[in-house]
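Note that ligands are numbered from 1 as they come in the structure, with each ligand's atoms numbered from 1 the same way.
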Amino acid sequence: MTAQSSSHRKPVRTAIFPVAGLGTRFLPATKATPKELLPVLDRPLIQFAIDEARAAGIERMVFVSHPSKSAIEHYVLEDPELEKTLREKGKDKMADRLCDNALDPEKVEVRFVMQDEPLGLGHAVLCAADEVLDGAVAVILPDDLILGEPGCLSEMIEAYQGADDGHMVATMQVDDQAVQSYGILSVTGRDGQVLKADGMVEKPAPEEAPSRQAVVGRYVLDGSIFEVLKTQEPGAGGEIQLTDAIARGSKELGLCGFRFTGTRFDCGSKEGMLSAILAYAGDRPEFQGVLDSATPTVLAAE
Ligand code: UTP
């Protein structure tokens, strides 16, 4: 952990959840169900992200969604009718659980804004500009699931308060071949979990990668990011890339990486989702029997 100076920064009060993407890698599952609602066993991805933000003390959550993905709104907010029905049937425990999961607008401010066209992650973040509170903002990509305690955003915000750099991005070590799938941080030094950086390179060839520190879906961004995004030209894939805007702004503001404690799963890919389900089930004793017997059964069927 970085040396904690007495915090000279405003608290991070807002988290932005970009959830407007098409989720094409998970078709046909995502034809009618938003990717962010796909379950890791019985918990939708978005629930993990919400809980991580709640644990980090976020006051306002801004969901950048698409008109076709209204199921997310339905999921995130309380459902008094369903709660009533469950209680009438004597299923109080389940009703309590649903209430705990849902966002109570009296405790956390909830905003939905629409990104009518998926023009890229940077564009999605820009769509939230009018809804953010003062100070730096957190961005959480729900399909990047990070399991473990403390929650990634909690430890990241704590480190951000003690660091001097304008933007902070979560990073993890990847192997040589994987660098070409990520934004890679150009690391210049290290202070505990905080990596000093002077830029990042999008999807470099292994021999050109400045480090093995890959940027994953948690960011704490200086509020000036919105001004930069307004003039951000489309980048890779013709999309307005958040990483391009971070890199541009960081020349003046500074940039650092944060090596989080937990384990990250790329639940935007089928391999990552399967790994996440196995890891999550592995932590729950009631599934031990299934996990123990699954492998021999599959082998026998082959
Ligand atoms: P991804 O690029 O992983 O999501 O974006 P995608 O485009 O939906 O997935 P594929 O590649 O087609 O399978 C990461 C996060 O950013 C959001 C997505 O919803 C996801 O949560 N996103 C992406 C937006 O909100 N808007 C965009 O224009 C792009």
**Report entry** Row check, Tyr160 ring normal vs Arg9 NZ/CZ: under 6.0 Å, within 45°
**Finding:** yes

Before accepting this row, confirm whether a basic side-chain N of the pair [X]/[Y] lies closer than 4.0 Å to the acidic partner's carboxylate O.
| X | Y | result |
| --- | --- | --- |
| Arg13 | Asp134 | yes |
| Asp143 | Lys35 | yes |
| Arg43 | Asp51 | yes |

Query raised in the report: With distance as the sole test, does Thr231 use its side chain to make a donor-acceptor pair with the main-chain N or O of Val228 at under 3.5 Å?
Result: yes

**Report entry** Protein residues that have a heavy atom under 4.0 Å from any atom of ligand 1, sorted by chain and number
**Finding:** Pro18, Val19, Ala20, Gly21, Leu22, Gly23, Thr24, Arg25, Lys35, Glu36, Gln115, Pro118, Leu119, Gly120, Leu121, Ala124, Pro142, Asp143

Query raised in the report: To which residues is Leu38 joined in a hydrophobic cluster, defined by side-chain heavy-atom contacts under 4.5 Å among Ile, Leu, Val, Met, Phe, Trp and Tyr, whether direct or through other members?
Result: Phe26, Val40, Leu41, Leu45, Phe48, Leu145, Leu147, Phe265, Met273, Ile277, Tyr280, Phe287

